[in-house]
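The structure appears below as structure tokens.
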Amino acid sequence: MELLTIQHEDFTMFVECSKYETIWGKAVRNVGSENLLTTYTWTDGVKSATLNDEPIENGMQAQAVFFDNVEYPVWVEFGSHVSKAQFGSMLQSDNDRFSFRGHTLAGFINYGNEIGRGELQLVYNIGKEQRHFKLNYEVLSTKLNYHEHWKKIIEDIEAEYRMLSLDYMKRTFHGFSPDTKGETPELIWWSIFAGEQEKFVKACRGIIERPRRRLRGYEVYIRADKLKRVPTNIENELAEHRREQAHLYRVEEHVQSNDTQENRFLKYALGQITAKYETLKKRIEAIKNTSETLKQEMDEVEKTLKHLQRNPFFRTVGRFKGLTQESLVLQRATGYSQVYRTWQLLRRAYSLNDGMYRLQSKDIATLYEIWCFIEVSHIVKEQLGFDVDIDHRNRMEMNGVFTWELGKGEHSRILFRKDGVELAELVYNPKHTDKENDSISMEHLVVPTVAQKPDIVLQLTKDDIEKGMKMTYLFDAKYRIDNRTDAGVDTPPDDAINQMHRYRDAIYYKDNKEGNTALKKEVIGGYILFPGNGDPIEVAKAKFQLSLNEVNIGAFPLRPNDVENRKLLEYFVKELIDMKSAATIAKVIPQKGTFIEVGDRVLIGMVRESSRKNYLKKFEEGNADLYYTGPSFPTSIALHNLHFFIPYFKGKGIRDVYEITRVRTIKGSEAKQIEMEESKDDLRLAFHLKYHHHLAEKYQNLKPYVLIDHTFLDTTFGEIEKYLSD
């Protein structure tokens, strides 16, 4: 399907796409046709331009042609007077996809996940003259509104991690403008100077040809016949030596000098910019896909800057010592004002607010993944309560030439605490391998087979069964939409859902303490985050939502400014936070033929002050290994599924939790737990104990009259709170 035709005085260009109608329909459903308009502009020489057989004018807004992840064949038929032509992209990979044979330049353009302002550039020769043609437009997303959603994603990322959104060697760019805060990264320095270098070089040449000078006085010794005028201070000396023709008189003469403050600044700025340009040029040349077109351009700029530095003009100019006051020459004079402006621009900070300067950002899939991590962190904080303390241990790390990426694994950890107690932990992009101590993996999580790399890991800390037990949930951000249901609900891709099943089956827990190397299943649930849309009521009925309760695998539509569908994720995270670990484990589907028994029952038993000192001391220190009952034990307490024991001290309360490893009957004569007690033959219960964890840091007292026979309480971890005194 022929979409766009440009009739130029030197060529005719055709842009085609066989699947355009399908792509356009998908974009209209997800974004709306009113948000799929773009402005087309081009350089001189165009006779006519048509879009879908309809004429368009330069600077006119019309239906978008270019979308993400779509292949566009491009044909350019040149006139016979054109001898050489190439695609003018700065990316070597793009140039490799075009070939010039006869008088036709042909190739393919695919922007992948890079959305923003695009530029199709042709470079061709007519005789010895090289000409350039540029066609400008916007590359839009079929899933998100570029003008609204992309901006929101960028704002949220920049609020958390300044300049993390930036990238280099991308096919699209965005506008950015000065900012009063922050520093200027090298990437922005390079991007700014790329647009300013031609004006900067022209200004330097203009100053060298016509510099501003000043009169400068200096002392000379000359004979009387060479004096142009007689200064009053040597009149007496002249009268005294009037007969001595060889006598030299000291006088002051004024000459035009180049050694001005403004020229010193020019010398300094030119040297500083040349050195920086040379350093960054070497780093960019090391990139594999740097095009020959870009390398040639950089060589020419570097050669020009160094040639200017060696100009004899600068031999008469001194060293720059700073600006002690405002200089009207630097601010207003021709040439000087441009040099000063460029120098100021390169020193300023910038933001991704729309502006006149070009800047490249990470592809939308990567931006969406980072944004989802930030959104999940905000939701976790909201559901834990805004009084929670957040410990950001995450940081940005240098990636490639001069761009940044968010740290992975242990380097991106966010801890949520309240009153010093850890409640939750969030990690970005940990990579789990068969190496247990990988620097970007998580502690105790291992993968015996192939490496696994979920996007977001959420671990919620629960203390009701075991102190510090962590429940692990995975989230994976996918910038993809599979299709749309009859109810108008977007669905996530099937392979992404399958990936969640794989993660849950592949990632294990291994605690090497005390030689315990047994593998245990770690991941409880996995969830896809995707830029889908749909009515929240219908979304809640979708298969990917219903599966959450059935198998703990599913998906959530998450896109900027979609408050209603975001609530589905908010409610779900709140449910995960509020649910007791016993209830969470109970929902885990067991393997066929096995039975999962959740240890939630606990026995609270009185430890009397009259007990033997050694016996009492062990309990107070949390080192007890046995607990003996008295001569009677309530028959209402069943022993077959009793898992835990908590000692109770009258007037003090409860604190420590023990695991019951064995229960047996003994005779009173064996117990001897009451000092000076006579040996008796009555039967008693003996609980063999193993210390498990602290229920709380301090002792918590019980309400009066909750113990059976003032001695025991049969309960569960989930119900203990209702027995605690206020």
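Worth knowing before you read on, the calculation uses all heavy atoms, side chains too, and leaves out hydrogens, waters and symmetry mates. Everything numeric here is computed off the predicted structure, so don't read it as measured data.
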Q: Report the C-alpha distance between Leu120 and Phe87 in whole Å, list the side-chain angles of each, state the deciding distance to 0.1 Å, and finish with yes or no for side chain to side chain contact (heavy atoms under 4.5 Å, CB included).
A: CA-CA 8 Å; Leu120 197 157; Phe87 186 63; 3.8 Å; yes

Q.
Return the OG1 to CD distance between Thr41 and Glu57, rounded to the nearest 0.5 Å.
A. 13.5 Å

Q) salt bridge (Lys or Arg N to Asp or Glu O under 4.0 Å) between Glu198 and Lys202: does it pass, once the steps are laid out? A) CA-CA 6 Å; Glu198 187 175 336; Lys202 183 179 178 181; over 6 Å; no

Q.
For the CD atom on Glu285, are there more than 12 heavy atoms of other groups (residues, nucleotides or ligands in this structure) within a distance under 6.0 Å?
A. yes

**Q.** Heavy-atom pair of closest approach, residues Arg264 and Phe320
**A.** O-CB, 3.5 Å

Q) What's the spacing between Arg212 CZ and Ile207 CD1 if we round to 0.5 Å? A) 10.0 Å

Q: Show your reasoning for whether salt bridge (Lys or Arg N to Asp or Glu O under 4.0 Å) applies to Asp167 and Lys170.
A: CA-CA 7 Å; Asp167 212 331; Lys170 297 297 181 182; 3.7 Å; yes

**Q.** Aromatic Tyr479 / basic Lys143 pairing, under 6.0 angstrom, 45° off normal
**A.** yes

Q. At what distance, to the nearest 0.5 angstrom, does CD1 of Ile481 lie from CG of Asn30?
A. 4.0 Å

Q.
Quiz question: by atom type and distance under 3.5 Å, do the side chains of Asp363 and Thr366 form a donor-acceptor pair?
A. yes

Q: To the nearest 0.5 Å, tell me how far Ile157 CD1 sits from Leu164 CG.
A: 6.5 Å

Q: Salt-bridge test for Lys478 and Asp455: reply yes if a basic N is under 4.0 Å from a carboxylate O, no otherwise.
A: no

Q. Are the side chains of Met298 and Leu280 in touch, meaning some heavy atoms are under 4.5 Å apart?
A. no

Q) If you take all heavy atoms of Leu140 and Leu36, which pair is closest and at what distance? A) CD1-CA, 3.8 Å

Q) Which residue pairs satisfy the side-chain hydrogen bond (donor to acceptor under 3.5 Å, both in side chains) criterion with at least one member in residues 15-29, sequence neighbours excluded? A) Tyr20-Gln63

Q.
Over 60° means perpendicular and under 30° means parallel, so tell me whether Tyr137 and Tyr40 are parallel, tilted or perpendicular.
A. tilted

**Q.** Phe200 and Trp343: CA distance, side-chain angles, deciding distance, ring pair (Phe, Tyr, Trp, His ring centres under 6.0 Å) verdict
**A.** CA-CA 9 Å; Phe200 178 78; Trp343 183 69; over 10 Å; no

Q | Gly127 backbone acceptor or donor facing Asn125 side chain under 3.5 Å | A | no

Q | CZ on Phe11 to CD on Glu9, rounded to 0.5 Å | A | 9.0 Å

Q. Does any donor atom in the side chain of Thr172 or Gln360 lie under 3.5 Å from an acceptor atom in the other side chain?
A. no

Q | Tyr336 versus Asn263, side-chain donor and acceptor atoms under 3.5 Å | A | yes

Q. Among side-chain atoms of Glu369 and Tyr428, is any donor-acceptor pair under 3.5 angstrom?
A. yes

(Q) How long is the straight-line distance from CG of Leu270 back to OG1 of Thr342, given to the nearest 0.5 Å? (A) 11.5 Å

Q.
Check whether Thr50 reaches the backbone of Pro55 with its side chain - one donor and one acceptor, N or O, closer than 3.5 Å.
A. no

(Q) Any non-hydrogen side-chain atom of Ser412 less than 4.5 Å from a side-chain atom of Asn429? (A) no

(Q) When you measure from the side chain of Asn52 to the backbone of Glu54, do you find a donor-acceptor pair of N or O atoms at a distance under 3.5 Å? (A) no

Q) Should Lys321 and Gln261 be marked as a side chain to side chain contact (heavy atoms under 4.5 Å, CB included) after you check the CA-CA gap, both sets of side-chain angles, and the distance that decides it? A) CA-CA 9 Å; Lys321 299 180 180 179; Gln261 179 177 249; over 6 Å; no

**Q.** Heavy-atom donor-acceptor pair, Ser83 side chain to Ile126 backbone, under 3.5 Å
**A.** no

Q. Phe66 and Tyr72: aromatic ring centres closer than 6.0 Å?
A. yes

Q. Would you call Glu375-Arg566 a salt bridge at under 4.0 Å N-O?
A. yes

Q: Decide if the gap between the ring center of Trp190 and the ring center of Tyr277 is smaller than 6.0 angstrom.
A: yes

Q.
Under a 4.0 Å threshold between the charged nitrogen and the carboxylate oxygen, would Lys199 count as salt-bridged to Glu196?
A. yes

Q. Looking at residues at least two apart in the chain, or sitting in another chain, which of them share a side-chain contact (heavy atoms from CB on, under 4.5 Å) with Arg205?
A. Val201, Thr304, Leu308

Q.
Treating Thr316 as the side-chain partner and Phe313 as the backbone partner, does any N or O pair qualify as donor plus acceptor under 3.5 Å?
A. yes

Q: Please determine, by modelled atom types, if His378 and Glu160 share a side-chain donor-acceptor pair under 3.5 angstrom.
A: yes

Q) Are Asn113 and Asn69 close enough that a side-chain donor and a side-chain acceptor fall under 3.5 Å? A) yes

Q | Note: Arg97-Glu71 ion pair, threshold 4.0 Å (strictly below) | A | yes

Q: Answer with yes or no after comparing the ring centroid distance for Phe67 and Tyr111 against a 6.0 Å cut-off, counting only values under it.
A: no

(Q) Looking at Thr279 and Ala275, would you say the former's side chain and the latter's main chain have a donor-acceptor pair under 3.5 Å? (A) yes

Q) So, Ser48 and Gln7: side-chain donor and acceptor under 3.5 Å apart, yes or no? A) no

Q. Relative to the ring of Tyr146, is the ring of Trp150 parallel (under 30°), tilted (30 to 60°) or perpendicular (over 60°)?
A. tilted

Q: Give the C-alpha distance, both sets of side-chain angles, the deciding distance and a yes or no for salt bridge (Lys or Arg N to Asp or Glu O under 4.0 Å) between Lys306 and Glu278.
A: CA-CA 10 Å; Lys306 288 186 175 181; Glu278 185 179 10; 3.1 Å; yes

Q. Got Pro531 and Leu558 here, is their nearest side-chain heavy-atom distance under 4.5 Å?
A. no

Q.
Taking the side chain as everything from C-beta on, heavy atoms only, tell me whether His132 gets closer than 4.5 Å to Gln121.
A. yes

Q.
Test your reading of the model: is there a side-chain donor-acceptor pair from Ser141 to the backbone of Leu144, 3.5 Å cut-off?
A. yes

Q: Report the C-alpha distance between Glu158 and Ser165 in whole Å, list the side-chain angles of each, state the deciding distance to 0.1 Å, and finish with yes or no for side chain to side chain donor-acceptor pair (under 3.5 Å).
A: CA-CA 7 Å; Glu158 290 297 301; Ser165 306; 2.9 Å; yes

Q. For the residue pair Ala85 and Phe100, what are the closest heavy atoms and their distance?
A. O-CB, 3.4 Å

Q: Verify whether one side chain among Asn561 and Glu148 offers a donor that lies under 3.5 Å from an acceptor in the other.
A: yes

**Q.** Within 6.0 angstrom of Trp42 CH2, more than 12 heavy atoms from elsewhere
**A.** yes

Q | Steps toward salt bridge (Lys or Arg N to Asp or Glu O under 4.0 Å) verdict (Asp156, Lys152) | A | CA-CA 6 Å; Asp156 289 348; Lys152 174 63 174 172; 3.3 Å; yes

Q.
So does Gly318 get a backbone contact from the side chain of Asp259, meaning a donor-acceptor N/O pair under 3.5 Å?
A. yes

